[in-house]
2 protein chains.
Amino acid sequence: MQILVVEDDNRISNFLVKGLEECGYLVTLCKNAEDVLKQYINIEWDLIILDIMLADMDGVQLLQALRYKKVYTPILMLSALNSVQDKISALDYGADDYLTKPFHFDELISRIRALTRRRQYEQLETPKAELQFGQLHINREQYKVTWAGEPVELSPREYKLLIYLVENIGKTVSRVQMLNAVWGITFDNHTNVVDVYISYLRSKIEKQDEKYIFTVKGVGYMFKG
Amino acid sequence: MQILVVEDDNRISNFLVKGLEECGYLVTLCKNAEDVLKQYINIEWDLIILDIMLADMDGVQLLQALRYKKVYTPILMLSALNSVQDKISALDYGADDYLTKPFHFDELISRIRALTRRRQYEQLETPKAELQFGQLHINREQYKVTWAGEPVELSPREYKLLIYLVENIGKTVSRVQMLNAVWGITFDNHTNVVDVYISYLRSKIEKQDEKYIFTVKGVGYMFKG
DNA sequence: CTTCTACTACAAGAATTTGCATAAGCTGAT
DNA sequence: ATCAGCTTATGCAAATTCTTGTAGTAGAAG
């Protein structure tokens, strides 16, 4: 589940990113409206969280711009203002939900679930907390991975990468996509971290000839169940 | 699971009652606002579905009346209007969700699940006054914690944190969630109070190799019984 | 078949972060 | 002023992340 957070206040964005990541979401942070329209618009987000007060552009303007460019991703607006007028204009221009700061983090999570649940329903996808591929079990609620019953100790980054691969099961994902989704890096800075982490994952989850991660030369990797 | 449907249009109410009953809910139908306030107000519903257009009273008025009388049952508003103003006023006056006709029945179900799930979560506050995990006893009525009969002196904050962990037993809770739930709303994430208090708790309740609080690296903590 | 090149795999270690314990500072109530 | 409780700061060990560098491999070209 990939979420784009558009927020220029460092304090709040840190809090959001950290909290959402701790809840298992893959989060990318963008600090200004311009970059959203330039760099991030073509990525398929599951949800966009948009602050209504940005330095370079009004959040509602950005919302309008996105909808104008036919971006139909669910958008949750975030604002310090409690004015009804703001709520109205945000929802009128196509926001899917609206939350006023300060808010309870659990309420944010529950609203995110509501928004993305509807999306999943539309996509006719069934989200599962328990996944199994051969001997490999993944429990997403408990962040627990086991192989033939034995626990597999994965670092946070390794776990995130695994989840991303599993979410795109059967699809080839590129290094850039992975850098994007798992590392939050949107530019190529000539790193081979992805390769290294694929290697880590393989050594931990591929045992006794059970192979899950396949190399697609020149393109990326693919997870097969 | 008991649901009260307040709806005066026969076509719609039939559809709702039939559909909900087929999904396993116990449904009661009420055709006017007056009866809700007279007859049905004292029953403990799990959910109330309220049409915004009733013959004898505006749905939002009824909603207000219910909340005024301290009925905190989750309420889902139903309306043919897609006006943002209605949505806002409904939500402002204490509706928990809002659905516009015509709607997909599956979406209704999914929203019902969301609302009643949250309720179940909230109801975890009142289940058992006496809890026991190994040698650890927690009496929630007396705010008293003992280990092997010996009283454990916990400060208010420590106690609150313990209760929050216990309420989420078996689930990983993040630092941000704990900050939110135990310390109140804050965007501050440059603090390690949570770690410190986990440490305090451990030193007070984990004795003789009885371990309750487990670290989930990179994510948070989990209480196991 | 052999050679070449671009790509991939992975080991090793440096740099950074995290979790945890402890200490020190702060605050509000009595 | 004192004290309990709360928060911040600090140090350290261990874990994690990331870079570097080298060996290996697939597949195209000759």
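Since we're looking at a predicted model, the values are computed, not measured. Each chain gets a letter, A, B and so on, in the order the sequences are listed, and its residues count up from 1. Only heavy atoms go into these numbers, but all of them, side chains included; no hydrogens, no water, no symmetry mates.
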A/Y197 OH - C/dA9 C1' separation (whole Å): 16 Å

Rounded to whole Å, NE2 of A/H190 lies from P of C/dT8 at a distance of 15 Å

Counting only heavy atoms not in B/Q135, do more than 12 fall under 6.0 Å of its CD? yes

Side chains of B/Q208 and B/W147: does their closest heavy-atom pair fall under 4.5 Å? yes

Is A/K38 atom NZ crowded by more than 12 heavy atoms from other residues, nucleotides or ligands, each under 6.0 Å away? no

Comparing nearest nucleotides in DNA chain D, the 5'-proximal residue of the pair A/K217, A/E158 is A/E158

Nearest-angstrom distance from the residue atom CG of A/L201 to P of C/dC10: 12 Å

Is any side-chain nitrogen or oxygen of A/R175 closer than 4.0 Å to OP1 or OP2 of C/dT8? yes

A/E153 CD to C/dT18 C1': how many Å, rounded? 16 Å

What is the separation between atom CD1 on B/I213 and atom P on C/dG19, rounded to the nearest whole Å? 15 Å

Should B/W183 be listed as having a side-chain N or O under 4.0 Å from OP1 or OP2 of D/dC6? no

Listing time: all N or O pairs from protein to nucleotides 21-29 of chain C that are below 3.5 Å?
from	atom 1	to	atom 2	distance (Å)
C/dA21	OP2	B/S199	OG	3.0

Check: A/D51 side chain, A/V6 main-chain N or O, donor-acceptor pair, under 3.5 Å: no

Is the shortest heavy-atom distance from the side chain of B/I138 to the side chain of B/F133 under 4.5 Å? yes

Please state how far atom CD in B/E206 lies from atom C1' in C/dC20, giving the value in whole angstrom units. 13 Å

Just call it for A/S203: base, sugar-phosphate, or nothing, with non-hydrogen atoms closer than 4.0 Å on any strand. nothing

Is B/T215 close to B/R202 at the side-chain level, that is, under 4.5 Å between some pair of heavy atoms? yes

Please check the phosphate of D/dA15 (OP1 and OP2 only) for any side-chain N or O of A/S155 closer than 4.0 Å. no

Within the 4.0 Å heavy-atom criterion, would you say A/V194 contacts the bases, only the backbone, or no part of the nucleic acid? nothing

Just to be sure I understand the rule, does B/Y159 reach a base, reach only the sugar-phosphate, or reach nothing, if contact means heavy atoms closer than 4.0 Å? nothing

Atom-pair distance (CE on A/M178; C1' on D/dT17), nearest Å: 17 Å

Figure out the NZ/P separation between A/K204 and C/dA11, and round it to whole Å. 13 Å

Looking at A/R157, does any N or O in its side chain come under 4.0 Å of the phosphate oxygens OP1/OP2 on D/dA15? no

What are the two closest heavy atoms between A/L54 and A/A33, and how far apart are they? CD1-CB, 4.1 Å

Hey, is the side chain of A/T215 poking within less than 4.0 Å of OP1 or OP2 on C/dC7, counting only N and O atoms? no

